[in-house]
There are 2 protein chains.
Amino acid sequence: MTATAPRTPTKAQLLELVAALGTAQWQDFAAAAARHGLTSVQAKLLSQLKGPVPMRGLATLLVCDASNVTGIVDRLEARGLVRREPDPADRRVKNVVATDEGHETIRRVRAEMQATHSALDTLDEEERTTLYGLLERLRPGLEHRG
Amino acid sequence: MTATAPRTPTKAQLLELVAALGTAQWQDFAAAAARHGLTSVQAKLLSQLKGPVPMRGLATLLVCDASNVTGIVDRLEARGLVRREPDPADRRVKNVVATDEGHETIRRVRAEMQATHSALDTLDEEERTTLYGLLERLRPGLEHRG
DNA sequence: TATTGTTATACTCTATAACTATA
DNA sequence: TATAGTTATAGAGTATAACAATA
């Protein structure tokens with residue numbers, strides 16, 4: 001048995017590796033956010049704002065109680081990174097939108113995830129394509145709310 | 001161009017996918033921990049205790065200030081999941097070890113990461129081997145402290 | 001009645017700074 | 001003097017419960 005024939009990992013081994021990389025990736029994101037004075041949750045909220053999203057929708061996306069979103073958006077709004085807008089169709093709803101500065105800030109956070117970037121840079125184009133395909137297969141199962 | 005020829009993803013696409021799965025995996029871990037009355041950080045600390053680890057070492061592993069570890073270990077110890085032991089060689093050091101109940105609890109948390117398990121179950125043996133190999137390549141870069 | 005967003009409360013995590021006991 | 005662990009403090013995230021405005 002030479003080094004060129006990788007053995008099948010056990011489920012436990014694969015789970016541990018996935019967990020370790022998930023954690024490392026999350027810490028990399030948190031560190032990049034911190035350099036911009038953002039907590040990881042604030043940055044995560046900002047990264048969800050490709051368009052207007054109701055407060056309640058943000059709670060669902062962040063997997064937390066709706067009452068928490070008030071404070072998180074308050075702090076982002078005080079810094080001028082997001083805005084609350086009334087919903088034209090339902091006066092109970094407030095839609096949150098990122099300001100230009102908000103979009104620019106989260107763009108920089110993503111660009112500064114050094115550990116994640118340098119890790120992906122170790123793969124060649126074919127490996128990246130393979131990895132992307134496999135991760136896309138995992139996505140539906142992993143994001144399903146059980 | 002048919003469906004059988006995957007195109008090369010951009011770096012941004014791959015980064016977004018990795019970030020989304022990292023987050024989903026972390027939320028799955030947090031949800032499993034919560035079912036056992038543990039916060040995600042408490043569970044993460046517990047998962048590091050394969051052997052005795054000094055308080056200071058836990059701070060490094062959790063990427064947080066040493067002062068935080070006191071409270072986290074306090075709460076785990078109050079529940080009987082970990083113990084503090086004096087270090088034979090250095091009387092300043094306290095080593096933290098998981099109790100039998102602590103080991104059993106973190107084992108169950110891992111087993112109950114339903115979203116992660118069901119995601120990995122969608123891959124066949126060959127795909128899992130390929131994924132494992134690629135993720136092992138990513139590990140050094142991702143866990144490097146920049 | 002049900003839903004949206006908010007407030008009040010209590011607990012946990014977090015970094016900073018200062019302390020103690022060892023080395 | 002340097003290091004390990006702790007304490008005190010303040011800011012932020014978290015769930016629960018209750019509330020006003022709107023549907």
Side-chain angles (χ1 to χ4, degrees), chain A residues 23 26-27 29-48 52-79 81-97 145, chain B residues 23 26-49 52-79 81-97 145:
Chain A
T23 300
W26 178 255
Q27 289 168 343
F29 178 70
R35 275 174 235 130
H36 290 269
L38 296 172
T39 67
S40 49
V41 173
Q42 288 171 354
K44 201 70 202 173
L45 190 154
L46 210 45
S47 74
Q48 306 285 358
V53 184
M55 300 291 285
R56 189 67 54 164
L58 287 171
T60 302
L61 289 168
L62 298 178
V63 194
C64 73
D65 190 83
S67 63
N68 301 319
V69 180
T70 299
I72 301 169
V73 169
D74 280 351
R75 289 180 270 275
L76 287 171
E77 194 167 33
R79 289 187 47 185
L81 302 179
V82 306
R83 252 193 336 265
R84 273 183 250 233
E85 295 183 344
D87 187 290
D90 187 336
R91 291 201 295 172
R92 292 173 304 179
V93 174
K94 292 178 189 170
N95 289 308
V96 182
V97 294
R145 307 273 166 252
Chain B
T23 301
W26 178 256
Q27 288 168 343
D28 191 35
F29 178 70
R35 275 175 235 129
H36 290 269
L38 296 173
T39 67
S40 49
V41 173
Q42 288 170 354
K44 201 73 201 170
L45 191 155
L46 211 45
S47 73
Q48 307 285 359
L49 295 181
V53 184
M55 300 291 286
R56 189 69 53 164
L58 288 171
T60 302
L61 289 168
L62 297 178
V63 194
C64 73
D65 191 83
S67 63
N68 301 319
V69 180
T70 300
I72 300 169
V73 169
D74 279 351
R75 288 180 272 275
L76 287 171
E77 194 166 33
R79 289 186 47 185
L81 302 178
V82 307
R83 252 193 334 266
R84 274 182 249 234
E85 295 183 344
D87 187 289
D90 187 335
R91 290 201 296 172
R92 293 174 303 180
V93 174
K94 294 177 190 173
N95 290 307
V96 182
V97 293
R145 306 273 167 252

Determine, step by step, whether A/Leu45 and A/Val41 satisfy the side chain to side chain contact (heavy atoms under 4.5 Å, CB included) criterion, reporting the C-alpha distance in whole Å, the side-chain angles of both residues, the deciding distance to 0.1 Å, and the verdict. CA-CA 6 Å; A/Leu45 190 154; A/Val41 173; 5.6 Å; no
Its contact letters, B for base, S for sugar-phosphate only and - for none at protein heavy atoms under 4.0 Å, make nucleotides 7-15 of chain D read B----SSBB
Annotated protein contacts, base or backbone, on nucleotides 18-23 of chain C with a non-hydrogen cut-off under 4.0 Å, one of B, S, - each: ----BS
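Rounded to whole Å, the distance from CD on B/Glu77 to C1' on D/dG5 is 13 Å. Counting to the nearest Å, the P atom of C/dT14 and the CG atom of A/Leu38 are 17 Å from each other. Atom NZ of A/Lys94 is separated from atom C1' of D/dA20 by 11 Å (rounded to the nearest Å). Distance B/Asp87 CG to D/dA4 P: 11 Å, rounded to the nearest Å.
Residues passing the side chain to side chain contact (heavy atoms under 4.5 Å, CB included) test with B/Arg92, sequence neighbours excluded: B/Asp90. Applying the side chain to side chain contact (heavy atoms under 4.5 Å, CB included) rule to A/Pro86 yields no partners; only residues at least two apart in sequence or on another chain are considered.
What you find for B/Leu46 and B/Leu81 is that their closest heavy atoms are CD1-O, 4.0 Å. Nearest heavy-atom pair across B/Met55 and B/Arg84 is CE-NH1, 3.5 Å.
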For residues 61-69 of chain A, which side-chain N or O atoms pair as donor and acceptor with protein atoms under 3.5 Å away, sequence neighbours left out?
| from | atom 1 | to | atom 2 | distance (Å) |
| --- | --- | --- | --- | --- |
| A/Asp65 | OD2 | A/Ser67 | N | 2.9 |
| A/Asp65 | OD2 | A/Ser67 | OG | 2.7 |
| A/Asn68 | ND2 | A/Asp65 | O | 3.4 |

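In this structure the side chain of B/Lys94 never reaches within 4.5 angstrom of the side chain of B/Val73, judged on heavy atoms.
Among residue pairs with one or both ends in residues 39-49 of chain B, those qualifying as side chain to side chain donor-acceptor pair (under 3.5 Å) are A/Thr23-B/Lys44; sequence neighbours excluded.
Applying the 4.0 Å criterion to OP1 and OP2 of C/dT6, one finds that A/Arg84 has a side-chain N or O inside that range.
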